[in-house]
Amino acid sequence: MPIYCEPITEIKLESLEDVHDRLSGTKNYLSRVPVEGIIENRAIFHDDEYFGDGEVMLRFNEHSIRSFCQRLGFRFDQLRMIETPSLPSQVLNDLIQQSAIKEKLKDDEFVIDTRSNVIIGMVSRTYVGYTNDQFLEDIENYLRKEVKDQFQFHEAFDINTELTIRFQSKIHHGIIQGRTGQREDRTLLGLEFRNSMVGTSAVR
């Protein structure tokens with residue numbers, strides 16, 4: 001791919017303790033920065049990989065570069081077709097200097113992982129953030145108060161701050177006796193919750 005992007009990994013979390021540890025290690029490293037301010041500070045694309053002013057250099061992951069291209073009005077799949085080295089950077093640098101593009105980007109913010117200087121998402125300034133740790137706290141309060149802890153943690157996944165967490169409830173009704181023998185009569189219910197801190201998924 002002409003523009004190098006940081007890979008996005010799926011992290012499976014095996015317990016609620018793992019989820020809490022993951023979230024506590026993430027929330028303090030996310031920063032929202034106005035795109036307009038970065039461009040006004042003479043940030044440009046370098047070497048089909050970096051975006052910055054020469055001192056602070058950022059990289060995109062695939063989700064964020066797709067979102068950025070969409071805002072520029074330039075299809076990401078078209079960018080991927082360019083094979084000439086440095087040409088993707090030239091194309092993007094030309095676009096971000098256009099007045100109409102700057103006007104379009106003035107209300108947007110990059111979501112940056114400050115540990116790695118990777119842009120992981122792009123949201124509007126009016127986007128109301130709902131942190132995953134607050135999301136999880138609300139879920140646990142709901143399960144404790146409304147369903148009396150009938151549901152137990154099953155599994156969770158974190159993909160670029162998109163947290164999916166699942167709970168299960170197994171209700172044992174008894175034993176069924178039939179011609180083929182005995183089997184357990186039970187009901188298995190599941191709940192799935194999802195939230196993203198970079199706008200990839202609405203709370204559901």
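Side chains included, hydrogens not; waters and symmetry mates left out as well; all remaining heavy atoms used. Residues: numbered from 1 along the sequence shown.
Tracing side-chain contacts under 4.5 Å through hydrophobic residues (I, L, V, M, F, W, Y), one never reaches Val123 starting from Phe76; they form parts of separate clusters. Residues Val33 and Ile39 fall within the same hydrophobic cluster, defined by Ile, Leu, Val, Met, Phe, Trp and Tyr side chains chained together at heavy-atom separations under 4.5 Å. Val91 and Ile101 fall within a single hydrophobic cluster, where Ile, Leu, Val, Met, Phe, Trp and Tyr are joined by side-chain heavy atoms under 4.5 Å apart, directly or via other members. A continuous path of ILVMFWY side-chain contacts below 4.5 Å connects Ile3 to Ile112, so both sit in one hydrophobic cluster.
To the nearest 0.5 Å, atoms NE2 (His154) and OG (Ser15) are separated by 13.5 Å.
Ring-centre distance between Phe110 and Phe60: below the 6.0 Å cut-off.
Arg32 contributes a side-chain N or O that, together with a main-chain N or O of Ser124, makes up a donor-acceptor pair within less than 3.5 Å. Judged by distance alone, with hydrogens and angles left aside, the side-chain atoms of Asp48 form a donor-acceptor pair with the main-chain N or O of Ser86 at under 3.5 Å. When atom types are taken as modelled, the side chain of His46 and the backbone of Gly52 share a donor-acceptor pair closer than 3.5 angstrom. Under a 3.5 Å cut-off, the side chain of Thr200 and the backbone N or O of Ser196 do not form any donor-acceptor pair. The main-chain N or O of His63 is found under 3.5 Å from a side-chain atom of Asn61 such that the two form a donor-acceptor pair. With hydrogens and angles disregarded, a donor-acceptor distance shorter than 3.5 Å links the side chain of Ser64 to the backbone of Ile119. In terms of modelled atom types and a separation under 3.5 Å, the side chain of Asp108 and the main chain of Val35 share no donor-acceptor contact. Side-chain atoms of Gln134 do not come within 3.5 Å of backbone N or O of Thr131 as any donor-acceptor pair. Checking side-chain atoms of Asp158 against main-chain N and O of Ile11 turns up no donor-acceptor pair under 3.5 Å. For Asp47 (side chain) and Glu49 (main-chain N/O), no donor-acceptor pair under 3.5 Å exists by modelled atom type.
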Review point. Checking side chain to side chain donor-acceptor pair (under 3.5 Å) for the pair Arg194/Ser201: CA distance, chi angles, key distance, verdict?
Key: CA-CA 7 Å; Arg194 181 172 296 172; Ser201 175; 4.7 Å; no

Practice item. Show the numbers, then the answer: is there a side chain to side chain contact (heavy atoms under 4.5 Å, CB included) between Leu13 and Glu155? Key: CA-CA 6 Å; Leu13 304 164; Glu155 61 184 359; over 6 Å; no

Practice item. Quick one: do Glu36 and Lys104 satisfy salt bridge (Lys or Arg N to Asp or Glu O under 4.0 Å)? Show the steps, please. Key: CA-CA 9 Å; Glu36 181 182 41; Lys104 184 184 290 187; over 6 Å; no

Check your understanding: Should Phe167 and Glu192 be marked as a side chain to side chain contact (heavy atoms under 4.5 Å, CB included) after you check the CA-CA gap, both sets of side-chain angles, and the distance that decides it?
Key -> CA-CA 7 Å; Phe167 294 82; Glu192 177 179 285; over 6 Å; no

Practice item. Determine, step by step, whether Leu92 and Leu79 satisfy the side chain to side chain contact (heavy atoms under 4.5 Å, CB included) criterion, reporting the C-alpha distance in whole Å, the side-chain angles of both residues, the deciding distance to 0.1 Å, and the verdict. Key: CA-CA 9 Å; Leu92 293 172; Leu79 190 68; 4.2 Å; yes

Exercise for review: Could you give me the CA-CA distance, side-chain angles and deciding distance for Met197 and Asn132, then say whether side chain to side chain contact (heavy atoms under 4.5 Å, CB included) is met?
Suggested key: CA-CA 7 Å; Met197 295 171 63; Asn132 282 336; 3.6 Å; yes

Practice item. Begin from the C-alpha positions of Glu137 and His20 and carry the test side chain to side chain donor-acceptor pair (under 3.5 Å) through to its verdict. Key: CA-CA 10 Å; Glu137 181 180 337; His20 281 287; over 6 Å; no

Exercise for review: Determine, step by step, whether Glu62 and Arg66 satisfy the salt bridge (Lys or Arg N to Asp or Glu O under 4.0 Å) criterion, reporting the C-alpha distance in whole Å, the side-chain angles of both residues, the deciding distance to 0.1 Å, and the verdict.
Suggested key: CA-CA 6 Å; Glu62 186 168 337; Arg66 283 182 180 275; 3.1 Å; yes

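By the side chain to side chain donor-acceptor pair (under 3.5 Å) test, Tyr130 pairs with Asp138, sequence neighbours left out. Gln98 pairs by the side chain to side chain donor-acceptor pair (under 3.5 Å) definition with Asp94, not counting sequence neighbours. Evaluation of the side chain to side chain donor-acceptor pair (under 3.5 Å) rule for Glu10 yields no partner, not counting sequence neighbours.
Taking all atoms of both residues into account, the shortest heavy-atom contact from Asp113 to Leu30 is CA-CD2, 4.2 Å. In plain terms, the two heavy atoms of Leu191 and Phe151 that are nearest each other are CG-CE2, 3.7 Å. A pairwise comparison of heavy atoms in Tyr127 and Gly199 identifies OH-N, 3.4 Å as the closest pair.
For Arg75, the CZ atom counts as loosely surrounded, since its 6.0 Å shell holds 12 or fewer non-hydrogen atoms of other residues, nucleotides or ligands. When the shell of 6.0 Å around CD of Gln78 is examined, it contains more than 12 heavy atoms from other residues, nucleotides or ligands.
Ion pairing between a basic and an acidic side chain is recognised when a charged N comes within 4.0 Å of a carboxylate O; Glu17 and Arg22 show no such pairing.
Contact check for Glu109 versus Met122: no side-chain heavy atoms found under the 4.5 Å cut-off.
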